[in-house]
**Q** 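One structure follows; several queries about it will come next.
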Amino acid sequence: MLRPRGDMSSSPPVPPGHVPDLFVDRDRERRALRDLLTIDGPTLALVYGRRRVGKTYLLTNSWPASRTFYFVAAESTGAVNRRELLAAIGRRFHLDLDPADFPTWRTVFRLLFGLASPKPLVVVLDEFQYLMGTGQGVPSHLSAVYDIHKDRRPFVVVLSGSAVRTMESLQAGDSPLYGRLAKTLRIKPFDYLDAAALMPCEGLKECATAYGIYGGTPRYLRSLRADRSLPENVAADVLSPGGQVRTQVETVIDQERGLRDTEEYKAILRAVGGGRTQLNDIAMYVGLPNGTPLRKKLGRLVALGYVAAGRNFDARPKAPFRYSLADPALRFHATLVERYRPELEKNDARDVWSAYIAREIDSYMGLVFERMVEQAYHRLRTRLKLPMIAEWSRWEGTDRTGASREVDIVARLTDGRMLTGAIKWGQLGLAVHQKHLRDLQALANSGHAWAREALRAKSPFLYATGRRFPANFRRRAEQDGHPVLAWTLEELYRGRRTPPAARRVRARRK
């Protein structure tokens, strides 16, 4: 049987007054970065990710301050950045530097590589894309100095940036730094479980709902105040015109370097957030031709992590993509904030929440919860000794009779079996299990090989609900011959630090 094993006890709640660790689950990244300083000789590393995901905090707290030199480039000319970098070096290392003595980036990098010798040193060049954009061959100059530097002391140069596509180009075969990067890290937003450590929630349902609204971007999560309820936080920061999260979400595309026609990108996000998942529907809403330029724009949004593109499990390689918003904060804004923009302009945001948005939250959370369950499977797999996943997807369409069929989970396990199941933010009982069996049988009869495999006795089912299962649900479902996993929010949040349920109440009492 496919059953959870291991310690299922919850960790103790975060004590009142505790300030959450902003690294949360960045331990792997911190270890990887710290290990670089144990390597003899010069080392190059690449750290990138879109804005507000916590790159700067990570890079300024992974090594001792005494062993780190940090510089952030400005969106300016090469000459300005070169002078400002030399000035920062002079202040940090007490050197009297004349910019005239360093007329090229190669001379600046020679200076950098000799700093503080023979002691180990980390040099962080943040927003490196601004140095690359000067047209002065900065990566080539860096590569040339790196190749000839012979000092054996540990010396790490970290190139960091928020222009995802630009920073990724440093790994390309035609890049001067190709093959020279010892470590590459893409920093992404937190998943639902890590985000919980930054949320002053009362109960798991509220914590999951907060993730559905704020997502996993640390900058958004820091706006949550422990002395306010979730509706009060959302009204103040996410709904109100000028609210800090709403402002950041509305301007996120404007801040992505290299994107032209930003209004078209914003319109695409609104189209996808409004439920237009097919390319043609998006094109009609935005008012652009259904062709290569639109596909390229969607591809850029996918690469940046704002949009997800998926196909049915086992679909043909040329089958059209279905698009959805990958970032919960963007999705909430596009789905509900934009819908009630007129009301929010004229009324108190708390009243709009109560009158309109609160009653739509359960419906809105459906897709968010599906993604949470996928994240949870990968999170819990090792501890619960679950099979590894080769491919995770879903399926929706019609069978050979024309009847609509939808399967929330269709996953190929690495042991060859199929994992399928249903995910419901609302109630999930035996009727859902029986419908799942009927859908699989109809799709198997329609010629889908994966559905026939999923009906085999050893193929497991996974069911997840945001509520409670009926008594004996798993035992009764397993009578149909399949191993069954039945997860509630308690299973999804178990095994890690739990949200501080009493934290806000205690804060108010103080």
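We count residues from 1, following the sequence as given.
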**Q** Can you confirm whether L198 sits close enough to F190 that some side-chain heavy atom of one is under 4.5 Å from a side-chain heavy atom of the other?
**A**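 Counting from C-beta outward, L198 and F190 do come under 4.5 Å.
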**Q** Will you find, in the side chains of E168 and Y48, an N or O donor that is under 3.5 Å from an N or O acceptor?
**A**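 E168 vs Y48: donor-acceptor pair found between side chains.
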**Q** Does the side chain of L336 come within less than 4.5 Å of L239's, by heavy atoms?
**A**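 No, their side chains stay 4.5 Å or more apart.
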**Q** Are the side chain of S223 and the backbone N or O of Y220 linked by a donor-acceptor pair below 3.5 Å?
**A**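 Between the backbone of Y220 and the side chain of S223 there is a qualifying donor-acceptor contact (under 3.5 Å).
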**Q** If you apply the rule salt bridge (charged side-chain N to carboxylate O under 4.0 Å, His left out), what do you find for E250 with R246, and how did you get there?
**A** CA-CA 6 Å; E250 288 178 336; R246 177 170 169 178; 3.0 Å; yes
**Q** Atom OG in S62, atom OH in Y57: separation rounded to 0.5 Å?
**A**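 Atom-to-atom, S62:OG and Y57:OH are 10.5 Å apart.
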**Q** Compare all side-chain heavy atoms of E406 with those of D439 and state whether any distance is below 4.5 angstrom.
**A**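 No, too far: nothing below the 4.5 Å cut-off.
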**Q** Does atom CZ of R186 have more than 12 heavy-atom neighbours, drawn from other residues, nucleotides or ligands, at distances under 6.0 Å?
**A**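 Count over threshold, so yes.
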**Q** Are the side chain of T335 and the backbone of G273 linked by a donor-acceptor contact shorter than 3.5 Å?
**A**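 Yes.
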**Q** So L33 and L58, do their side chains get closer than 4.5 Å, heavy atoms only?
**A**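 Side chain of L58 against side chain of L33, heavy atoms only: contact under 4.5 Å found.
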**Q** Determine the interplanar angle of the F461 and Y463 rings, folded into 0 to 90°, and report it as parallel if under 30°, tilted if 30 to 60°, perpendicular if over 60°.
**A**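 F461 and Y463: perpendicular rings.
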**Q** Can a cation-pi geometry be assigned to R394 and F313, taking NZ or CZ under 6.0 Å from the six-membered ring centre and within 45° of the ring axis?
**A**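 Not satisfied by the 6.0 Å and 45° rule.
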**Q** Please step through side chain to side chain donor-acceptor pair (under 3.5 Å) for the pair D480 and H433, ending with a clear verdict.
**A** CA-CA 10 Å; D480 289 303; H433 168 65; 2.7 Å; yes
**Q** Please say whether more than 12 non-hydrogen atoms of neighbouring residues, nucleotides or ligands are located less than 6.0 Å from OH in Y340.
**A**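 For Y340, atom OH is crowded (more than 12 foreign heavy atoms under 6.0 Å).
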**Q** More than 12 non-hydrogen atoms from neighbouring residues, nucleotides or ligands closer than 6.0 Å to CZ on R341, yes or no?
**A**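 Check passes, neighbour count above 12.
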**Q** So that I can tick it off, tell me whether E490 and R468 are bridged by a salt bridge, with the cut-off set at under 4.0 angstrom between side-chain N and carboxylate O.
**A**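 Yes, R468 and E490 are salt-bridged.
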**Q** Where the side chain of Q441 meets the backbone of L437, is there a donor-acceptor pair that is under 3.5 Å apart?
**A**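 No, because the side chain of Q441 does not come within donor-acceptor range (under 3.5 Å) of the backbone of L437.
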**Q** Carefully, step by step, assess D126 and T56 under the rule side chain to side chain donor-acceptor pair (under 3.5 Å).
**A** CA-CA 8 Å; D126 204 357; T56 299; 3.2 Å; yes
**Q** Using only atom types and a distance under 3.5 Å, with no angle test, would you say the side chain of S354 pairs donor to acceptor with the backbone of R350?
**A**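 Yes, S354 side chain to R350 backbone: donor-acceptor pair under 3.5 Å.
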**Q** With side chains defined as the heavy atoms from C-beta onward, is the minimum distance between Q171 and T184 less than 4.5 Å?
**A**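 Yes, their side chains come closer than 4.5 Å.
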**Q** Apply the test side-chain contact (heavy atoms from CB on, under 4.5 Å) to residues I282 and Y285: give CA-CA distance (whole Å), side-chain angles for both, the deciding distance (0.1 Å), then the verdict.
**A** CA-CA 5 Å; I282 297 170; Y285 179 87; 5.9 Å; no
**Q** After noting the C-alpha distance and the side-chain angles of K266 and D254, does the key distance pass the salt bridge (charged side-chain N to carboxylate O under 4.0 Å, His left out) rule?
**A** CA-CA 9 Å; K266 292 178 184 179; D254 296 321; 2.9 Å; yes
**Q** Is it the case that the side chain of K183 and the backbone of L46 share a donor-acceptor pair, with hydrogens and angles ignored and the cut-off at 3.5 Å?
**A**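 Flag not set: sc K183 to bb L46 has no pair under 3.5 Å.
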**Q** Find out whether Y356 and R359 are in side-chain contact, i.e. whether some heavy atom of one side chain is under 4.5 Å from a heavy atom of the other.
**A**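 Yes, at least one pair of side-chain atoms sits under 4.5 Å.
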**Q** Nearest 0.5 Å, please: how far is CG in D348 from CD in E343?
**A**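 The distance works out to 13.5 Å.
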**Q** In sequence, state the C-alpha distance, the side-chain angles, and the governing distance for D237 and R228, and then conclude on salt bridge (charged side-chain N to carboxylate O under 4.0 Å, His left out).
**A** CA-CA 11 Å; D237 297 321; R228 298 191 299 204; 2.8 Å; yes
**Q** Could you walk me through whether R331 and H333 pass the side-chain contact (heavy atoms from CB on, under 4.5 Å) check?
**A** CA-CA 5 Å; R331 184 169 180 266; H333 181 86; over 6 Å; no
**Q** Does either side chain, that of H378 or that of D191, offer a donor lying less than 3.5 Å from an acceptor on the other one?
**A**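 On atom types as modelled, these side chains do not qualify, holding no pair under 3.5 Å.
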**Q** Between D327 and R50 (salt bridge meaning N to carboxylate O under 4.0 Å), is one present in this structure?
**A**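 Salt bridge between D327 and R50, a charged N being under 4.0 Å from a carboxylate O: yes.
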**Q** With a 3.5 Å cut-off and no angle check, do the side chains of N312 and S393 form a donor-acceptor pair?
**A**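 No pair is found: no donor N or O on one side chain lies under 3.5 Å from an acceptor on the other.
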**Q** Could you check whether R438 pairs with D399 (Lys NZ or Arg NE/NH1/NH2 to Asp/Glu carboxylate O, under 4.0 Å)?
**A**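 No, R438 and D399 are not salt-bridged.
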**Q** Please examine the side chains of T488 and R467, heavy atoms only from C-beta on, and report whether any two atoms are closer than 4.5 Å.
**A**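 With C-beta onward as the side chain, the pair stays apart.
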**Q** For the residue pair W395 and W450, categorise the inter-ring angle as parallel (less than 30°), tilted (30 to 60°) or perpendicular (more than 60°).
**A**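 Ring orientation of W395 relative to W450: tilted.
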**Q** Using the rule ring-ring contact (aromatic ring centres under 6.0 Å, His included), only one of Y211, W425, Y364 pairs with F369; which is it?
**A**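 In the set Y211, W425, Y364, the residue that makes a ring-ring contact (aromatic ring centres under 6.0 Å, His included) with F369 is W425.
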**Q** Test R405 against L440 for side-chain contact (heavy atoms from CB on, under 4.5 Å), laying out the working first.
**A** CA-CA 9 Å; R405 304 289 177 181; L440 289 179; over 6 Å; no
**Q** With no hydrogens and no angle check, is any side-chain donor or acceptor of E370 less than 3.5 Å from a backbone partner on I423?
**A**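 No; zero donor-acceptor contacts below 3.5 Å.
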**Q** Applying salt bridge (charged side-chain N to carboxylate O under 4.0 Å, His left out), run through R270 and E338 and close with a yes or a no.
**A** CA-CA 8 Å; R270 289 187 64 177; E338 290 289 354; 3.5 Å; yes
**Q** Do the numbers put K297 on top of the ring of Y265, so that NZ or CZ is under 6.0 Å from the six-membered ring centre and no more than 45° off the axis?
**A**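 Yes, K297 sits over the ring of Y265.
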**Q** Any carboxylate oxygen within less than 4.0 angstrom of a Lys/Arg side-chain nitrogen, looking at R475 and E478?
**A**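 E478 and R475: not salt-bridged.
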**Q** Quick check against the 3.5 Å criterion: does E127 have a side-chain atom that pairs as donor or acceptor with the backbone of E75?
**A**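 The answer is no, because no donor-acceptor pair under 3.5 Å joins these two groups.
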**Q** Do we see a donor-acceptor contact under 3.5 Å between the side chains of R371 and S324?
**A**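 Distance-only check passes for R371 and S324.
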**Q** Quick one: do the S459 and H482 side chains pair a donor with an acceptor below 3.5 Å?
**A**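 Per modelled atom types, S459 and H482 side chains form no pair under 3.5 Å.
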**Q** Flag the pair R417 / R412 as yes when at least one side-chain heavy-atom distance between them is below 4.5 Å, and no otherwise.
**A**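 No, every pair of side-chain atoms sits at 4.5 Å or beyond.
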**Q** Under the side-chain contact (heavy atoms from CB on, under 4.5 Å) rule, what do N233 and R225 come out as? Steps first, then yes or no, please.
**A** CA-CA 7 Å; N233 273 309; R225 283 174 39 183; 3.8 Å; yes
